[in-house]
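Computed from a prediction, not measured in an experiment: that's the story for all the values here.
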Amino acid sequence: QPLQPSLFWYYMLELSFYWSLVFTLPFDVKRKDFKEQIVHHAATIFLISFSYCANYIRIGTLVMVIHDASDCFLEPTKIFNYMKWKKTCDSLFMIFSAVFLISRLVIYPYTVLYNTYYYSMEIFQPFFGYYFVNVLLIILQLLHVFWSCLIIHMVYKFIIQGTMEKDMRSDTEESDKDEERDIIREKETNGITYFSNVTSNGYIQRNGSEPLDNRAHLANGHAKDR
């Protein structure tokens with residue numbers, strides 16, 4: 001399989017992209033699927049590197065294209081979600097869900113796994129690369145099933161409730177915890193301020209000063225109630 005310059009750069013861009021994800025993952029928000037992401041990135045890097053070194057260019061590019069088909073809809077979905085464009089975000093998420101489920105639960109197993117696991121045995125004898133590649137590809141497929149369950153659950157909630165639920169992986173995000181802490185602090189601060197205003201305007205202070213309302217009554221000649 002001759003390596004064309006375009007495929008070479010495609011390989012280099014994909015490899016550098018997943019390495020960048022590995023380097024930035026420890027500094028990103030910790031999600032529920034943090035371990036699954038590490039396994040996914042490691043398996044992908046090994047697959048890209050091994051398919052390049054073993055000259056499995058066709059199967060390697062096919063796997064990368066299948067993964068990129070849904071990711072190109074996921075990134076703008078995140079952008080519109082941060083911009084609070086709910087309708088656009090929901091529409092793109094539905095498109096992403098359909099492309100993800102079709103590409104990774106239908107095309108990937110019936111096109112990639114079938115050829116690498118069954119059809120290749122009709123041409124070549126089993127060797128190290130056969131077992132190594134297929135184990136990594138099956139690991140990816142198991143991760144696809146895991147994330148597909150989360151996506152299907154979100155789509156189901158959207159159909160029932162009519163609004164998109166937050167990312168199922170984000171239930172234990174550190175950012176959510178920080179926001180909750182900020183809300184609690186704000187409520188506590190507002191409560192202290194309110195209590196301070198009440199004590200300063202309606203009750204006798206610790207330093208012996210009297211309320212302004214009582215001073216006004218004394219100034220007008222009224223007796224102060226004890």
Participant: Who pairs with Thr116 by side chain to side chain donor-acceptor pair (under 3.5 Å), at least two apart in sequence or on another chain?
Facilitator: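 Applying side chain to side chain donor-acceptor pair (under 3.5 Å) to Thr116 gives Asn134.
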Participant: Is there side-chain contact between Tyr117 and Tyr130, with at least one heavy-atom pair below 4.5 Å?
Facilitator: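 Of all side-chain heavy-atom pairs linking Tyr130 with Tyr117, at least one is under 4.5 Å.
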Participant: Output all residues satisfying side-chain contact (heavy atoms from CB on, under 4.5 Å) with Ser20, sequence neighbours left out; order by chain, then residue number.
Facilitator: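 By the side-chain contact (heavy atoms from CB on, under 4.5 Å) rule, Ser20 matches Phe17.
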Participant: Which hydrophobic side chains are connected to Val106, either touching it within the sub-4.5 Å cutoff or through other members that do?
Facilitator: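 Noted: Val106 shares its cluster with Tyr110.
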Participant: For Tyr10, check side chain to side chain donor-acceptor pair (under 3.5 Å) against everything at least two apart and list the hits.
Facilitator: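 Asp68.
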Participant: Suppose we screen for side-chain contact (heavy atoms from CB on, under 4.5 Å). Which residues come up paired with Thr88, at least two apart in sequence or across chains?
Facilitator: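 Thr88 satisfies side-chain contact (heavy atoms from CB on, under 4.5 Å) with Phe80, Trp85, Leu92 once adjacent residues are dropped.
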Participant: Quick one: ring pair (Phe, Tyr, Trp, His ring centres under 6.0 Å) partners of Phe23, sequence neighbours excluded?
Facilitator: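 Counting only residues at least two positions away or on another chain, Phe23 forms a ring pair (Phe, Tyr, Trp, His ring centres under 6.0 Å) with Trp19.
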Participant: The criterion is ring pair (Phe, Tyr, Trp, His ring centres under 6.0 Å); which residues satisfy it with Phe100, sequence neighbours excluded?
Facilitator: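 Phe100: ring pair (Phe, Tyr, Trp, His ring centres under 6.0 Å) contacts with Phe96.
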Participant: With Ile79, which residues qualify under side-chain contact (heavy atoms from CB on, under 4.5 Å), at least two apart?
Facilitator: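 Expected list: Met83.
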Participant: For Phe50, which residues count as a ring pair (Phe, Tyr, Trp, His ring centres under 6.0 Å) partner, sequence neighbours excluded?
Facilitator: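 Once residues adjacent in sequence are excluded, the partners of Phe50 under the ring pair (Phe, Tyr, Trp, His ring centres under 6.0 Å) criterion are Phe132.
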Participant: Treat each ILVMFWY residue as a node, draw an edge where side-chain heavy atoms are under 4.5 Å apart, and state whether Ile57 and Phe8 are in one component.
Facilitator: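 Same cluster.
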Participant: Would you say Gln141 and Leu137 make side-chain contact, with heavy atoms under 4.5 Å?
Facilitator: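 Answer no - side chains too far apart.
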Participant: Please list, chain by chain and in numerical order, all residues satisfying salt bridge (Lys or Arg N to Asp or Glu O under 4.0 Å) with Asp71, sequence neighbours excluded.
Facilitator: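 Checked Asp71 against salt bridge (Lys or Arg N to Asp or Glu O under 4.0 Å); matches are Arg104.
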Participant: For residues Leu47 and Leu13: do they belong to one hydrophobic cluster (side chain heavy atoms under 4.5 Å, members Ile, Leu, Val, Met, Phe, Trp, Tyr)?
Facilitator: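 The answer is no; the residues belong to distinct hydrophobic clusters.
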Participant: Answer yes or no: is there a side-chain heavy-atom contact under 4.5 Å between His67 and Leu140?
Facilitator: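 SC-SC contact between His67 and Leu140 confirmed.
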Participant: Mind checking what makes side chain to side chain donor-acceptor pair (under 3.5 Å) contact with His40, not counting sequence neighbours?
Facilitator: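 Result, side chain to side chain donor-acceptor pair (under 3.5 Å) vs His40: none returned.
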Participant: Does one hydrophobic cluster hold both Tyr82 and Leu74, with members joined at side-chain heavy-atom distances below 4.5 Å?
Facilitator: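 Shared cluster, no.
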Participant: Can you name the residues that form a side-chain contact (heavy atoms from CB on, under 4.5 Å) with Ser51, not counting sequence neighbours?
Facilitator: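 Counting only residues at least two positions away or on another chain, Ser51 forms a side-chain contact (heavy atoms from CB on, under 4.5 Å) with Tyr11, Tyr56.
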